[in-house]
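Here's the structure we're looking at; comments come further down.
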Amino acid sequence: MKPKSTLSAIGGWNSFFFCLGMYFVALFFSIFVCSSIFYIVNSNKQVAKASFAEKTSPKTELASVK
């Protein structure tokens with residue numbers, strides 16, 4: 001009798017699918033980490049500009065009640 005070779009043929013692809021899956025997982029996490037770092041760096045610059053603008057520009061008082 002001739003053995004069926006479908007299972008052994010599929011079994012040869014396991015390492016390929018594992019590497020492909022790990023590639024996409026690493027790609028997802030690298031995009032997540034890099035975008036998080038990018039937003040952290042840019043948010044600090046915007047906060048620094050806003051706080052610098054507050055310190056340098058005098059606030060005008062339109063009316064006061066005593």
Side-chain angles (χ1 to χ4, degrees):
M1 292 177 60
K2 190 174 181 182
K4 294 181 180 179
S5 63
T6 57
L7 291 177
S8 64
I10 293 173
W13 288 92
N14 281 342
S15 60
F16 175 73
F17 288 135
F18 177 77
C19 291
L20 192 65
M22 287 295 107
Y23 173 77
F24 283 113
V25 168
L27 184 67
F28 172 75
F29 280 118
S30 66
I31 290 171
F32 176 74
V33 169
C34 290
S35 64
S36 298
I37 292 171
F38 176 77
Y39 287 125
I40 287 171
V41 169
N42 281 345
S43 69
N44 286 340
K45 289 180 182 177
Q46 291 172 354
V47 169
K49 287 180 183 177
S51 65
F52 180 72
E54 274 184 11
K55 291 177 184 176
T56 57
S57 64
K59 292 185 179 180
T60 58
E61 188 174 327
L62 298 176
S64 64
V65 178
K66 291 186 180 185

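The CZ atom of Phe17 sits 11.5 Å away from atom SG of Cys19, with the distance rounded to the nearest 0.5 Å. Between Ser43 atom OG and Phe38 atom CZ the span is 10.5 Å, to the nearest 0.5 Å.
Ser36 places a side-chain heavy atom less than 4.5 Å from the side chain of Phe32.
Every side-chain contact (heavy atoms from CB on, under 4.5 Å) that Ile31 has, sequence neighbours left out, goes to Leu27. Listed by chain and number, the residues in a side-chain contact (heavy atoms from CB on, under 4.5 Å) with Phe16 are Trp13, Leu20 (sequence neighbours excluded).
Residues Phe18 and Phe24 do not share a hydrophobic cluster, defined by chaining ILVMFWY side chains whose heavy atoms lie under 4.5 Å apart. Phe29 and Met22 sit in two unconnected hydrophobic clusters of ILVMFWY residues. Membership requires side-chain heavy atoms under 4.5 Å apart, directly or through other members.
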